[in-house]
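All remarks here apply to the structure that follows.
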Amino acid sequence: QEMTEKGIIPNVVIYLCLMQGVCSSELPQHAKRLLDDMLARNISPNLQAFNVLINALCKLGLVTESHNFLAFMVERGMLPNTTTYNTLIKGYCLIQRLDKAKHLFNYMSTQGCDHDVVSYNVLINGYCKNQEIDEALRLLKEMSKQKIDPNVVTYTTIIHGLCLVSKLEDALVIFHKMQDCGDTANVVTYSTLIDTLCKHERVNEALDLFKLMDDRHVAPDVFTFTSIIDGLCKAGEIDAANGFFLELSCRGLQPSVCTYTAMIGGFCRNKKLDEAEELFLKME
RNA sequence: GAUCCCCUCAGAUGC
């Protein structure tokens with residue numbers, strides 16, 4: 001504001017900085033105003049900066065606005081790329097508009113933007129989150145037909161989707177198949193399965209997988225630890241959970257708010273209020 | 001100085 005009062009017209013870099021700022025601070029109203037402002041001044045970002053904007057708006061839930069912005073820029077001669085569409089498809093999935101997501105997925109290829117593995121991953125995840133695992137599996141088959149190789153993200157997404165509909169055995173089958181193919185499971189794959197096993201009162205199997213990670217030299221991260229800690233707490237194994245809580249720091253990891261919340265909740269449910277408070281005070 | 005990161009995809013707690 002001070003800039004414009006002094007007659008200095010902000011350029012696209014200024015707008016992008018502000019836009020990133022308001023978006024990461026979750027200020028959708030400000031983002032909207034900035035966007036209108038920018039368009040009114042006829043300032044055009046390049047494609048990559050444009051994609052950053054599209055993504056930032058989507059993450060705020062302003063998906064329709066983001067899509068309108070795309071249409072507006074296309075009218076002015078801008079050519080979006082596959083990333084642009086992938087980002088918007090993800091946005092529609094986030095606001096639970098799978099119909100729109102699918103439509104855009106079909107539309108992009110008519111505009112010269114070929115689907116890539118991310119396009120499929122995003123859409124597959126949309127269906128998985130919506131517990132439409134059959135459609136997700138159909139897309140997995142389709143992508144292979146299109147000669148787009150699924151990657152570890154694809155498989156992990158499918159595994160998570162199967163877990164969400166409690167098809168844990170099917171998920172484990174895919175997990176074991178992955179080992180056979182070149183795509184080795186990574187920390188996210190393991191954490192997904194560990195978390196689901198814990199939630200299905202199969203903590204011992206979760207711990208087996210945790211050990212397997214070590215054997216395979218896949219380093220657990222804060223997510224892995226939080227799932228294990230939460231699982232052990234809910235199984236009433238507070239001491240074991242606390243052991244993992246301490247081990248996490250030994251491995252050079254920082255507990256997150258989720259980790260603390262899981263552990264503190266465990267202490268509380270087991271009437272160990274002193275320990276809960278002590279940990280709470282350590283959070284700062 | 002180089003590499004990595006630097007536009008898009010997967011996992012954890014509670015509400």
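It should be emphasised that the depicted structure is a prediction, and the values quoted were computed from it without experimental measurement. Quick note on labels: first sequence line is chain A, next is B, and so on, each numbered from 1.
Look at the P atom in both A10(B) and C6(B): the space between them is 14 Å, to the nearest Å.
Of the possible polar contacts, none joining the S66(A) side chain to the V63(A) backbone as a donor-acceptor pair under 3.5 Å is found.
Judged purely by distance below 3.5 Å, without hydrogens or angles, the side chains of N86(A) and N121(A) never pair a donor atom with an acceptor atom. Between the side chains of S256(A) and T259(A), at least one donor-acceptor pair of N or O atoms lies under 3.5 Å.
Taking the ring centre of F72(A) as origin, the terminal cationic atom of R76(A) falls inside the region bounded by 6.0 Å and 45° from the ring axis.
The local environment of NE2 in H200(A) is crowded, with over 12 non-hydrogen atoms from other residues, nucleotides or ligands closer than 6.0 Å.
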Exercise. Can you give one letter per nucleotide of nucleotides 9-15 of chain B, going 5' to 3': B for a protein heavy atom under 4.0 Å from the base, S for sugar-phosphate only, - for none?
Worked result: BBBBBS-
